2 protein chains.
Amino acid sequence: METRQRLPAAERRESILAAATVVFGERGYAGATTDQIAIAAGISQAYVVRTFGSKETLFVEVARRAVGRIEAAFRAAIAADDGRPVAQRLGAAYIDLVADRGILLSLLHLFSLGSDTAIGRTGREGFLTIYRLVRDEAGLAPDEASHFLAEGMLINTVLALRLQDADEPDAVELVTHACGGDLRKFRELAAD
Amino acid sequence: METRQRLPAAERRESILAAATVVFGERGYAGATTDQIAIAAGISQAYVVRTFGSKETLFVEVARRAVGRIEAAFRAAIAADDGRPVAQRLGAAYIDLVADRGILLSLLHLFSLGSDTAIGRTGREGFLTIYRLVRDEAGLAPDEASHFLAEGMLINTVLALRLQDADEPDAVELVTHACGGDLRKFRELAAD
DNA sequence: GTCTATAGTTCGATAGAC
DNA sequence: GTCTATCGAACTATAGAC
């Protein structure tokens with residue numbers, strides 16, 4: 001019988017959110033179970049549910065946290081002016097961020113559940129938040145911002161499908177263009 | 001007690017696939033139930049499972065059918081040369097096609113389940129098929145083809161989130177740029 | 001070709017102890 | 001703050017009749 005560590009509420013919340021991000025990412029919202037999340041977090045299933053009230057609430061918080069990560073990464077990239085155009089800095093920051101496959105995939109699931117009342121609202125808010133950030137804070141014109149998001153959505157898809165690990169030359173070619181030529185960076189992403 | 005219609009196997013398969021496309025689209029692979037699909041198709045749950053062997057097989061066939069629809073629409077657009085650049089014709093064909101929200105969403109769910117063995121393989125095959133089609137048959141250069149897919153992925157996300165129905169001016173602006181200026185066409189898409 | 005019935009699982013959530 | 005135990009609901013798949 002292992003001794004389970006007693007943590008302050010805030011830390012426990014964060015550790016559950018981190019575990020849930022991975023599990024929701026791999027299995028989707030409905031496909032993930034609170035028991036799998038509990039195991040990943042090293043606690044009991046009942047405690048996961050009790051901490052967030054319901055599986056849906058937990059998913060919404062996972063999604064909000066992922067959006068928050070993007071905001072933080074983008075703000076840092078905007079501030080760290082190294083002479084490159086801001087769009088390039090944002091792109092690099094994005095690729096660094098989605099090295100965390102869980103964040104990427106959780107967002108993808110969030111976006112594809114737009115018809116669900118609570119989840120859909122969270123998705124719309126999150127997506128618009130990112131759009132406003134790259135437009136207003138990074139200073140991209142609306143068409144540049146839209147184009148930037150489009151490239152990001154292709155990166156999401158390519159990574160979600162694990163095309164960066166595929167052997168076919170066409171996959172390599174597509175991935176290379178999707179990431180703006182820096183295939184190496186994609187390949188480094190752990191295949192978990 | 002209603003009298004259920006007896007259909008030839010091929011027609012029944014197609015009617016189940018159509019119903020399943022809608023249900024899988026709205027709820028995702030794991031979130032959809034064979035019972036909901038059965039109700040949508042007007043038959044019994046057991047018959048849905050019996051016809052396709054398993055829920056997973058059914059989903060894979062739904063996804064293949066959706067990819068097939070895109071292939072057919074793109075080939076038609078390539079053949080119907082009306083003077084516009086081929087990328088523009090493909091884009092218009094794509095928007096017409098994803099007016100069927102079920103197809104759009106089923107593909108989105110397919111792409112986000114790349115870690116699943118069978119579903120992931122189907123997703124990679126499907127995505128590469130589309131890439132090769134726009135590159136080899138439409139004749140786009142690799143970077144043009146990649147850019148075309150990126151714009152398509154943004155359209156997917158915007159529609160999945162139902163941003164075309166949102167009131168906020170920022171949503172309107174984003175959707176306008178995502179669809180290349182033709183907001184009206186997006187707005188026409190039934191809000192179901 | 002299609003149904004009813006149901007077996008066998010699995011899951012989210014709650015109760016209550018420590 | 002965290003666990004064990006468990007209820008009740010829901011789901012996929014199978015069996016077997018028509």
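Since this is a predicted model, take the numbers as computed values, not measurements. Keep in mind that the numbers below use all heavy atoms, side chains included, and drop hydrogens, waters and symmetry copies. Proteins come first, then strands; the chains are lettered A, B, ... in the order of their sequence lines, and each starts at number 1.
Taking every side-chain heavy atom of A:T33 into account, C:dG12 is the closest of C:dG12, D:dC3, C:dT4. Proximity note for B:V49 (side chain, C-beta onward) versus D:dA13, D:dT2, C:dG12: the nearest is D:dA13. Residue A:L7 places its side chain closer to D:dT2 than to any other of D:dT2, C:dT2, D:dT4. Each of C:dG1, D:dA13, C:dA13 was ranked by its minimum atom distance to the side chain of A:S54; first place goes to C:dA13. Candidate nucleotides D:dT2, C:dA5, D:dT4 were compared by shortest atom distance to the side chain of A:A46, and D:dT4 ranks first.
The distance from atom CD1 of B:I39 to atom P of C:dT2 is 17 Å, rounded to the nearest whole Å. At whole-Å resolution of the value, CG in B:D35 and P in C:dC3 are 12 Å apart. B:Q45 has its CD atom 14 Å from the P atom of D:dA10, to the nearest Å. Taking atom CZ of B:F52 as the reference point, atom C1' of C:dT2 lies 15 Å away to the nearest angstrom. For B:R27 and D:dC11, the CZ to P distance is 9 Å, given to the nearest whole Å. One interatomic measurement links the two molecules: CZ of B:F59 to P of D:dA13, which rounds to 14 Å at whole-angstrom precision. Atom-to-atom, NZ of B:K55 to P of D:dC11 comes out at 9 Å; the value is rounded to the nearest Å. Separating the OH atom of A:Y47 from the C1' atom of D:dT2 is a distance of 6 Å, rounded to the nearest angstrom.
OP1 or OP2 of C:dG12 lies within a sub-4.0 Å distance of a side-chain N or O belonging to A:T34. A sub-4.0 Å separation between OP1 or OP2 of C:dT2 and a side-chain N or O of B:R12 is present.
A:A38 comes within 4.0 angstrom of nothing in the nucleic acid, heavy atoms only. Using a 4.0 Å heavy-atom criterion, one finds that B:A32 contacts the sugar-phosphate atoms exclusively.
Heavy-atom nearest nucleotides on DNA chain C were determined for A:R50 and for A:Y29, and the one closer to the 5' end corresponds to A:Y29. Between B:I43 and A:E56, it is B:I43 whose nearest contact on DNA chain C lies nearer the 5' terminus.
Relative ring orientation between A:F127 and A:F111 is described as perpendicular, the plane-to-plane angle rising above 60° on a 0-90° scale split at 30° and 60°.
A donor-acceptor pair under 3.5 Å is absent between the side-chain atoms of B:S106 and the main chain of B:I103, judged by distance alone.
For the pair B:K55 and B:F24, the cation-pi criterion (under 6.0 Å, within 45° of the ring axis) is not fulfilled.
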TODO: Determine, stepwise, if the pair A:E144 / A:R135 fulfils salt bridge (charged side-chain N to carboxylate O under 4.0 Å, His left out).
DONE: CA-CA 8 Å; A:E144 293 170 329; A:R135 188 193 58 185; over 6 Å; no
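No donor-acceptor contact under 3.5 angstrom links the side chains of B:R13 and B:T51, judged on distance only.
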